[in-house]
Novice: 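The structure that follows is given in the form of structure tokens.
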Amino acid sequence: MEQSKKFLLTEKDIPTAWYNVLTDMPVKPAPILNPSTREPLKAEDLYPLFAEELARQEFNDTDRWIEIPDEVREMYKIWRPTPLVRARGLEKALDTPAHIYFKNESVSPVGSHKLNSAIAQAYYCKKQGVTNITTETGAGQWGAALSLAAKHFGLELAVYMVKISYHQKPYRRSIMQTYGAEVVASPSMSTKAGRKIITDHPNYQGSLGTAISEAVELAMSTPNCKYTLGSVLNHVSLHQTVIGLEAEKQMEMAGEYPDVVIGCFGGGSNFSGISFPFLRHNFSGERSTRFIAAEPLSCPKLTRGAFKYDFGDEAGYTPLIPMLTLGHNFAPANIHAGGLRYHGAGSIVSRLKTDGLIDAVDIPQLETFKAATLFAQSEGIIPAPESSHAIAATIREALKAKEEGVRKTLLFNLSGHGLIDMAAYDQYLAGDLANYEVSEADVAANTADLMEAK
Ligand SMILES: *Cc1c(COP(=O)(O)O)cnc(C)c1O
């Protein structure tokens, strides 16, 4: 293995403010709508569901920088700043002239970037006097992060975990339980939304959309309880910008600036986190960096979704969001990148993609595991199946650079490690994994009834 080089910052370099990309966008996303009146929503409308400060952040398009509270920054110090690594091992394995860097968010105590927003959300709930919070989790990463954050701030947490992951990834459940959270497999019989799905489709293995419906329903029907979400929403992307802000300083230490920035894409939080701080230099005209969101071929909302108003959840409890979507009742194939099995993209990323300011690629499952294996063997870190999509997209770019004989600087976000995903690697090694593709006809049928987005 080559000696890859780390670029390390100190605690004082942890950002003191999050970057609010909404303030710089040439065209801002259209407002989210009340599903019954189709009227634009305001922050106050979300107060019953979310902590008030988070609702205000969701709609804030005037403050370019939003101060990170001291209590949150103190918690960030447990693992931040995270390393930026020049992946010389991977470069050598690919024999590419490209310089490959990755931001290593897998070093957080829960093994992923999700803690960056979990801590902030738990903090604002606590500050407002909330006692209970609910959420959903797909692969279990968000649930694990929120469980730790909830425990730290003394909140009770109930997590609805997508059933397929509950069974495929039992250790994720025990991680959440170890931190003190209550975990329920979704769909469950504990909510109206869950009961309806189980009655209609008894063998349904769940989806993030369904789990969100259940968590929202519990929050709305329990006093002093708020709902939290680990991706998709503007305030979640906002919190994740610490990733890109640190990476910006570290690329400067390395004496380079990325030509291409790459992140895997579920609902958009880690991609936004690594991208938005660099994107602001494109907006100002100083740079022309390319941004690539890497999504699964089996769940290709950015590359093949329709730009429509859609719900964030299966049952239709959330506001209508202008999003690139496969339809809220889209049932993704049971790929191992559980965190990428979500039907839509947040409104900011959907707008950026529609306006041609970012790119997206969709990648077959087998290619992601091949990329992950090469990365593990050349860099020593076993990546999360989600992150492997970013690695696969990076490898495509590095091989293109080699073919064209150009020296490009690539930066990707390693959103998490895969040490609790070894069952997935086992299946890959045994040759038991397949690729899944979504047909245009399926997408068209699933989104036909939705209203066109603006
Ligand atoms: C949740 C998760 C993702 C996908 O979510 P985004 O909001 O799109 O970032 C990607 N990687 C890891 C490791 C995750 O846990």
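Only heavy atoms go into these numbers, but all of them, side chains included; no hydrogens, no water, no symmetry mates. When a ligand or atom number is given, it counts from 1 through the structure's own listing order.
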Novice: With only distance considered, is Phe271 within less than 3.5 Å of ligand 1 through an N or O on each side?
Specialist: no
Novice: Does an N or O from Gly266, backbone or side chain, lie closer than 3.5 Å to an N or O of ligand 1?
Specialist: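 Yes - when backbone and side-chain N and O of Gly266 are compared with those of ligand 1, one distance drops under 3.5 Å.
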Novice: Is there side-chain contact between Phe369 and Pro385, with at least one heavy-atom pair below 4.5 Å?
Specialist: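 The answer is yes; the side chains approach within 4.5 Å.
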Novice: Any idea which atoms of ligand 1 are less than 4.0 Å away from a heavy-atom of Leu340?
Specialist: 4 (C)
Novice: Could you list the atoms of ligand 1 found under 4.0 angstrom from a heavy atom of Gly416?
Specialist: 13 (C)
Novice: For Gly267, is at least one N or O under 3.5 Å away from an N or O on ligand 1?
Specialist: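 Yes - when backbone and side-chain N and O of Gly267 are compared with those of ligand 1, one distance drops under 3.5 Å.
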Novice: Looking only at heavy atoms, is any part of Trp142 under 4.0 Å from ligand 1, and if so is it the side chain, the backbone, or both, or is it neither?
Specialist: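 No part of Trp142 comes within reach of ligand 1.
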Novice: May I ask you to list the atoms of ligand 1 that are less than 4.0 angstrom from any heavy atom of Gly268?
Specialist: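 What qualifies from ligand 1 is 6 (P), 7 (O), 8 (O).
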Novice: Quick one: look up the protein heavy atom nearest atom 4 (C) of ligand 1 and list residue, atom name and how far away it is.
Specialist: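 The closest heavy atom on the protein side is Gly339 O, 3.5 Å.
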Novice: Is any side-chain heavy atom of Arg396 closer than 4.5 Å to one of Ile363?
Specialist: yes
Novice: Is the shortest heavy-atom distance from the side chain of Gln121 to the side chain of Lys226 under 4.5 Å?
Specialist: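 No, side chains not in contact.
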Novice: Which ligand 1 atoms are under 4.0 Å away from a heavy-atom of Gln141?
Specialist: 13 (C), 15 (O)
Novice: Any idea which of Lys114, Glu386, His113 brings a heavy atom closest to atom 2 (C) of ligand 1?
Specialist: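 When every heavy atom of Lys114, Glu386, His113 is considered, Lys114 comes closest to atom 2 (C) of ligand 1.
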Novice: With heavy-atom distances below 4.0 Å as the criterion, list the atoms of ligand 1 near Cys264.
Specialist: 10 (C), 11 (N)
Novice: Going by side-chain hydrogen bond (donor to acceptor under 3.5 Å, both in side chains), His113 matches just one of Ser108, Ser269, Ser387, Ser415. Which one?
Specialist: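 Among Ser108, Ser269, Ser387, Ser415, the one meeting side-chain hydrogen bond (donor to acceptor under 3.5 Å, both in side chains) with His113 is Ser269.
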Novice: Are Phe311 and His328 an aromatic pair, judged by ring center distance below 6.0 Å?
Specialist: yes
Novice: Before signing off on this row, confirm whether Ser387 and ligand 1 have an N or O atom pair separated by under 3.5 Å.
Specialist: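 By distance alone, the answer is no.
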Novice: Of all the atoms in ligand 1, which lie at a distance below 4.0 Å from a heavy atom belonging to Ser231?
Specialist: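 Taking each heavy atom of Ser231 in turn, ligand 1 has 6 (P), 7 (O) under 4.0 Å.
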Novice: Please work out, at 4.0 Å between heavy atoms, whether the side chain, the backbone, both, or neither of Val232 comes within that distance of ligand 1.
Specialist: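 Val232 to ligand 1: no contact under 4.0 Å from either part.
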Novice: Could you check if a side-chain atom of Leu326 sits within less than 4.5 angstrom of a side-chain atom of Thr447, using non-hydrogen atoms only?
Specialist: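 In short, these two side chains do not touch, never coming nearer than 4.5 Å.
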Novice: Do Trp142 and Ser231 have side-chain heavy atoms sitting under 4.5 Å apart?
Specialist: no
Novice: With side chains defined as the heavy atoms from C-beta onward, is the minimum distance between Asn116 and Glu105 less than 4.5 Å?
Specialist: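 Yes, at least one pair of side-chain atoms sits under 4.5 Å.
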Novice: Check this for me - ligand 1, Ser415, N or O atoms closer than 3.5 angstrom, yes or no?
Specialist: yes
Novice: Flag the pair Glu367 and Lys370 as a salt bridge only when some basic side-chain nitrogen lies within less than 4.0 angstrom of an acidic carboxylate oxygen.
Specialist: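 Between Lys370 and Glu367 there is no salt bridge, as every charged N stays at least 4.0 Å from the carboxylate O atoms.
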Novice: Assign the ring pair Tyr257 / Phe278 to parallel, tilted or perpendicular, where the plane angle (0 to 90°) is split at 30° and 60°.
Specialist: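 Judged by the thresholds at 30° and 60°, the geometry between Tyr257 and Phe278 is perpendicular.
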